[in-house]
Structures are given as structure tokens and as C-alpha cells.
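Since the structure comes first, as C-alpha cells, the remarks are kept for the end.
Within every chain, numbering begins at 1; the chains are lettered A, B, ... in the order of the sequence lines, protein sequences first and strands thereafter.
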There are 2 protein chains.
Amino acid sequence: MSSKKIILDEKDLPKQWYNIQADLPEPLEPPYNTRAGRPATPEDLEAIFPKEIIKQEMSSERYIDIPEPVREAYKIWRPSPLVRATNLEKFLDTPAKIYFKNEGVSPSGSHKSNSAIAQAFYNKEEGVKRIATETGAGQWGSALAMACQKFGIECVVYMVKVSFEQKPYRKSLMQVYGAQVFSSPSSQTETGRKVLTEDPDNQGSLGLAISEAIEDVLNNKNSKYSLGSVLNHVAMHQTIIGLEAKKQLEIAGDYPDIVIACLGGGSNFSGTAFPFIMDKLQGKQPNLKAIAAEPSACPKLSKGVLAYDYGDSSGFTPALKMYTLGHTFMPGGIHAGGLRYHGASPLVSALVKHNLVDPVTVKQREAFEAAVTFARTEGILPAPESAHAIRVAIQEALKAKEEGKSKTILFNLSGNGYFDLSAYDNYLSGSMVDYEYPSEKVCEALTHLPKI
Amino acid sequence: MSSKKIILDEKDLPKQWYNIQADLPEPLEPPYNTRAGRPATPEDLEAIFPKEIIKQEMSSERYIDIPEPVREAYKIWRPSPLVRATNLEKFLDTPAKIYFKNEGVSPSGSHKSNSAIAQAFYNKEEGVKRIATETGAGQWGSALAMACQKFGIECVVYMVKVSFEQKPYRKSLMQVYGAQVFSSPSSQTETGRKVLTEDPDNQGSLGLAISEAIEDVLNNKNSKYSLGSVLNHVAMHQTIIGLEAKKQLEIAGDYPDIVIACLGGGSNFSGTAFPFIMDKLQGKQPNLKAIAAEPSACPKLSKGVLAYDYGDSSGFTPALKMYTLGHTFMPGGIHAGGLRYHGASPLVSALVKHNLVDPVTVKQREAFEAAVTFARTEGILPAPESAHAIRVAIQEALKAKEEGKSKTILFNLSGNGYFDLSAYDNYLSGSMVDYEYPSEKVCEALTHLPKI
């Protein structure tokens, strides 16, 4: 009987992350300090990030060593399984082979822990006592809370008020891991107090929570800030996903024709696809197709522009060169909260510009239809974000069937859906709606890009 | 660097379950048909169970083959990891080695899937089209829903009303897996309608839900009933846990001095401990200690009597010889819903009678204190049921420290706690209360035992 899962030994856990900056067709354009009117320098970032993180952010070394304490902490759940979706294949009656990497087995429930552990470690090494961050739906906050507990660092999370109230259990999970969680806008910061005075019922936003976390860090000794996606170092930490998957596929004697992951800020997509795109950039796999599955409601790669824009909606961060819908764009309220970000990581944006990554949009109901099919065939409940990747994998498998070709498809199951069952209820009851990006014309938010 | 997890290959997945009936000091006393006034026969059970299940229930063969389709379905999550709790050991500063088997990685979130898959398979083999069952907190219902979907059988779950309303997400998970879920008392059965007429606000009970499920099966063609604990065949299916753990400990060059699992109906405890108790029964490991961790609120082994009693609170099932607090006993509302059962499986009861298993009681707050310690050291969020086993493991590790002895401790982490975060909230906020078994005197429910 054939293998269902391909499991690596702990000793085969990769010893280095892959840094795609070494292989890009042209160097990345640097972040821009709009207040100073010049490109941002490493010194600009030192107030909020530890030095090693800034070094990684700017590095063009191809491989960067994973510190042993980080590898040791990864072993709580890593190496994660690579699974052959045999039951889904049978259900689709496709000649395609479908593999998925299961990142939902991490204790925080998603791939976010891969970077959280690394970031907590580097902060600890540099004597940081306290990390502040923001979280929307709570996956990043849970991952960082767990990582900080691991390395004995205080963790403070500003959680967007609407999620704080609607998703209380993610907050509880962070608290079990010992984190302090504030509903944002909070009375902890000047920014928060100002908003609350003007509008006591303000529901918060990710941009506002970022502003609160950064203000908190600037006003507290021995504190640093931490970000869960978008930036180069985060993307690099996530490459552990694709590097493991490559080894596992090698054991299976396979190599993917198509690699698929969903795209929010870009860390999950980067982590899954970059180790394979490396082979394409190095000329070894010219036919590899990498697909970023983004929600129709927030299609930055498909309908955005490539421009300098802020990482947060208030314009506190340096500006980054990325595909964006404008930092003031508010997407419709899809359940896949992790995909509701206005921009795409500069690294992914650069690859899209060079046609090395294909964006595909997925409607909310299509994603949930795929998720239910997946749960009923493979038995595992996917996160709504991951469901976008599943949808595209199914489409590609059906295309292979039509063409009578045996393609090998790999997608990342970036998280489990245990915290998203109200969204499944919404789908199964037939009351789920689709949100579209407001028309083909340039969205109003794009007129607010910073002038650089 | 040493291994954190010991992972088996899929090819090392056990090929047989272990049936402890082969090794008992004396044969089990048979179930008793109180209506007929005689021991129950296999024929008595055929109305509700498939023949192969009845055969297994009565069998004294030491090993029973696991059918290939069941092994194949197990591979979705099995073999499960055996983890060395190095961080917990360090935190406790104990010379003891603590291992745990992680059954929380199953897609339904607990060990319950081990028997659900097997039961769904045997029903399918005998042409059953539809299985009805009851569920309290929802772990068994989720497991059976997933298993029925796997083998193409309709699944109907009667879920105790109070849980149906308070734990809507477990219900949603069952529905994602395609099950029909009714709040019990329901209008689907005579029993349910009668209760609803007399008391429209009745909150339901496990006993009532069992009655509804059995009535449903008797009134529907091609339908059978399925039970998630207590019975011999369920305990046997769960031995996959201990059999895997034995192989994994062998790889680590270890054997436990102490094996610990929590005890509700007994299937989790049986599955974990029986393969080790076998060695004790066969004289190979005379010093092995097996501890059943039960809640102070429902201490059937510690404070119950060994007598014939019904499996359900209404007295519909055959009577079983077991340690019981009386089938009408209603324990306090502890969050570990899976441990609120009045009796202990006849197999575990027989072992307790012969001093082969030691019961230990754990208070609710002690269990949650242990759970939070575990989450903060090992990173994994335990189910409240499993937290009882963790508490005892910690106690034994501290005892080893006091005695300066290097003991090897194994416990089963039977489920994850993603659906139990409101209980953690309750603990962290300081408002959790302990429930005790009502005094040392014989509880009133014990006066209602059937006269046999």
C-alpha cells in the first residue's frame, strides 16, 4: 500500500533558510523614508527592529543559517507532513497528482509560527525584553505569543477591535500563551486615545493597530516591534515550508509542475514557492508555474498598481515598492481575514513584475466550496485563507483532466480552520456573499499613494 | 541535538489491535439483559450493532487484524507523534523523563477517530447505510461524522441540547463532514417528543441522547447504532495508541515506569495503557504502574461501587458490570465534558478490581493549572480531559524529583483544546470553581442500580 504522508526525520529539518534576494533578476528597490525624503537606512529601522532582523531584511546572501535554538523550537511541530491528496484526486477523477504541505499542524494553527519563533529568538539574543505587535484575525498574534513564551519575552498584542469582540477565542489562546492583548483602538497609546475620544465606537483597523504597536515600542524601554508578513526577512523565515517540501517530494521521486499558495501580505506564498522559483531563476526548471491565489475582494496583484505605498493604513511605516490597492483601501468583509491586506510583499511584487508568478483571483464562495470538498475527501478542515489555494489546485487538477495530462501539483495548507467554523456555518446555510473589488476602474484609494 | 518527537513510518503502523480479554485474570462477566432477566446474547445486540463488532465485543483472541482500508484511513493522521516533554521536564527540574503521545493531531481533534473509523468501516462492510449516535461535548460526534463521510455512510448525531447551544462550533464541524445534527431532546423520536411536551426547556442529557439514537436506529431501515467509549470493542480499537507508543519508546530505548491517561468512559485510558498492562499481566513488567486520572466531580473508580448498571441514564441499554456512581448520577458541570460519565468500562473496572490500575482524582482547577503550564512549556493547547492526565504526570515527575529517582513517565494527550478556549477564559479570569462528588456517603443515585 502506498504512502499517504511523506514525513521527514527531525535531523532532516533544513539548516538554512533560502533568501531569494540572491537570485532576483534585478535588486529590490529599497524602502523609502517619506518623512526624511530619502531611501530608508538600516539606522531608520533600529528603533523598532533588532539588528539581525534588519541585516536579514537587506541581505543578498543566498542561504542564512537557522540558529539551533530556532530549529529546536521548530521541532515542536516540524518537519510538517507532506500529504498526497489521494482521496481528492479520486473524487476529481484527475490524472494529476496533488500534494499538500500541512502547516495547520503547528500549535498556533498556521504557518505564522515559522517566523514568530525566529523573530522572538533574535530579539532575545539582543536583550529585548518585550515585543509589541498587531493582529487582525489573530493567527499572527497567537504565533508570536507562543514564540515569546518560548524565549521568555513579554508579548503585547494590539488586536483589531472587531476581531477582539467577534473572535474571542483567538484572544484567549494568546492569553493562555501569556500575552497581554488589547482591543485596538486602546487607551494604551496616544493614537488609540485620540481615536477613542473622537469616536468611542471605532471598530479599529490593522493600520491603526500597527500604529499603536509602533507607538508602544517607541515609548517603552527594551521593546521592539514585530511584523508577521510582507517584509523580506519574514518571507525568508517561511522558506522552511518549501525547503522541506522539496526534500519530501524528492523522497516521493517527484517535482511539481505547479506550486500554489494563497496570498495575503505574501509570507505564506513566499515560503512555499520561493525554493521552487529558485530553480526557475537558476534555469533548472524553466517550466515551473507558481500561482498566487488572492481573494477577488482584495486582488492587489491582479488589479493593483506597482508603486511605493505605506505598509499601514495610517502611513506610519516606510513606503515599500509593491503591488497595492492603496493603503486606505478597505476590502469587503471576507472571512479569510489574513488575505485582507492592501499590498503584496516587495519580493512577490518583483516576481510578478517579471512574470515569474501568476496571480489568480478566487471568490469567497468558490473558496468555501473547495474547503468543504477538501474536508469531506481528505478529512482535514482548512483555514479560509488556505481554501483559496485549494480552489486553484482543484481547478488545475481539472484542467489536467481535460488535457489528459498527468501534472504534479503542490499547494500549501497554511492553516487549520478550527477557529473559523462560524464562517463555515455562514457558507453551509447558504447566506454567504461574495465581495468583489469595486469595478475595473482605478479605486479611489489609489489616488492616496505617497508622492515619491 | 536530541530528538524531540519520535515519528514512525506509515509502514510501521500496527497491523493488529490488542484485545486484553485474552490476558485478564478472570473472564469478564457478560452484559445483562434486564428486560429478559438473563445475560445478553449476541442476538440481543444485532438490532443495533453489526455482527463483526459484536464478535469483537465478545472475543478472547489476543490480536485482531486491522483491515487495510482502516489502516489506510488512519494514515490521514497516524502514526501520531510520541513527544519528549523536555521543556516541561526542565520547568519542573525533575530527573524524570516525560513522554506524551499526541492524539490531538487527528482531524477531529481527539483519539475518538481511532474507533470511529473502524466502526464506520465494519458497518459499511455489512451494508449499513446510516449510523445514529449521541454526542455530549461533540468529540465523538465529530469523529464519527468524519469516519462516515470517509466510507460513504449517512451519519445522524443526537447532540445534548446544552452543548448544541453552548458549543455551536462542534456542531458546525460535524455538518462540514456532512452529518445531520439534532439537538436532543428532538422531535425526531417518540422519546424526544415526550420529553419536549412535558418540558419544552429540557436541556437534555447523554442518557436521553443515547435513547433517542437507539430509537432512531430501531425505526429506520439499514441503520445501526455506534458508541464511542465504554464497550470492549471500542477499547480495543483504541489500543493503536499504546501499540504505537511502545514501538516509539523502543526506538528511544525506553519503557515506562508509569503510564497515565484520563478516564471518562474508559476508551482513551484503555487504548493508552492496555498494551503496557499486557506486559504486566504476562509477568514481563511486574512493576509497571498504570494510573487512571478521573475528575473529582465524577470519581467512579475512586468512590463508585462495582456493580451491574445501565450504560445510559434511562436504562435502555443492557446492564454492564462496572464501577459506577449510578446511572442517574449527574456530575457537576466541569468543562471536561468527556469525563462526566457515571461508569467505567467493564474492562478497566475488572483491572481496578484486581489492583492492576490505580485511580487518582483531579480537581478541575488543578487540571487547568497543569494545562496552562503545559501550553506555556510545550507550546501545545490540551483538551480539558487530557489536562487531568497532565496533572498526574506532573505530580509523578515531582515525586521522582523528591525521591531523586529517574522515572520514565508516559501520558496520553488525548485531544487538543481549540474548542475549549471559553473554559480557559474561565480559568484565567479566576472564576473557575471546583466540583466535588457529593460527600463520602453513598450517593443517592447508587440506590437506583438495577436488581440483578
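Your options are B/Ile380, B/Val176, B/Val372, B/Asp425, and the one with the most heavy-atom pairs under 4.5 Å with chain A is B/Val176. Top candidate by heavy-atom pairs under 4.5 Å with chain A, chosen from B/Ile76, B/Val105, B/Thr377, is B/Ile76. With chain B as the partner, the residue from A/Ile6, A/Leu381, A/Val83, A/Ile7 showing the most heavy-atom pairs under 4.5 Å is A/Leu381.
Neither the backbone nor the side chain of B/Arg84 comes within less than 4.5 Å of any heavy atom in chain A. Proximity to chain A (any heavy atom under 4.5 Å) is shown, for B/Tyr427, by neither the backbone nor the side chain. Proximity to chain A is absent for every atom of B/Asp9, based on heavy atoms less than 4.5 angstrom apart. Neither the backbone nor the side chain of B/Ser113 comes within less than 4.5 Å of any heavy atom of chain A. Within the 4.5 angstrom heavy-atom criterion, atoms from both the backbone and the side chain of B/Leu173 approach chain A. Of the atoms belonging to A/Asp420, not a single heavy atom falls under 4.5 Å from chain B. At a 4.5 Å heavy-atom cutoff, B/Asn102 makes no contact with chain A through either its backbone or its side chain.
Closest approach of B/Pro107 and A/Tyr418 over heavy atoms only: O-OH, 2.7 Å. The nearest pair of heavy atoms linking B/Gln175 to A/Arg376 is O-NH2, 3.0 Å.
Crowding of A/Glu250 atom CD: a count of heavy atoms from other residues, nucleotides or ligands under 6.0 Å not exceeding 12. Heavy-atom contacts from other residues, nucleotides or ligands closer than 6.0 Å to OH of A/Tyr99 number more than 12.
Although no hydrogens or angles enter the test, the distance criterion places a donor-acceptor pair under 3.5 Å between the side chain of B/Lys5 and the main chain of A/Lys75. With hydrogens and angles disregarded, a donor-acceptor distance shorter than 3.5 Å links the side chain of B/Tyr177 to the backbone of A/Gly379.
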If you apply the rule salt bridge (Lys or Arg N to Asp or Glu O under 4.0 Å), what do you find for A/Lys4 with B/Glu10, and how did you get there? CA-CA 8 Å; A/Lys4 176 74 184 160; B/Glu10 288 184 349; over 6 Å; no
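Distance check, rounded to the nearest 0.5 Å: OG of B/Ser172 to CG of A/Asn426 gives 11.0 Å.
Taking 4.5 Å as the limit, some side-chain heavy atom of A/Asn87 sits within range of a side-chain heavy atom of B/Lys150.
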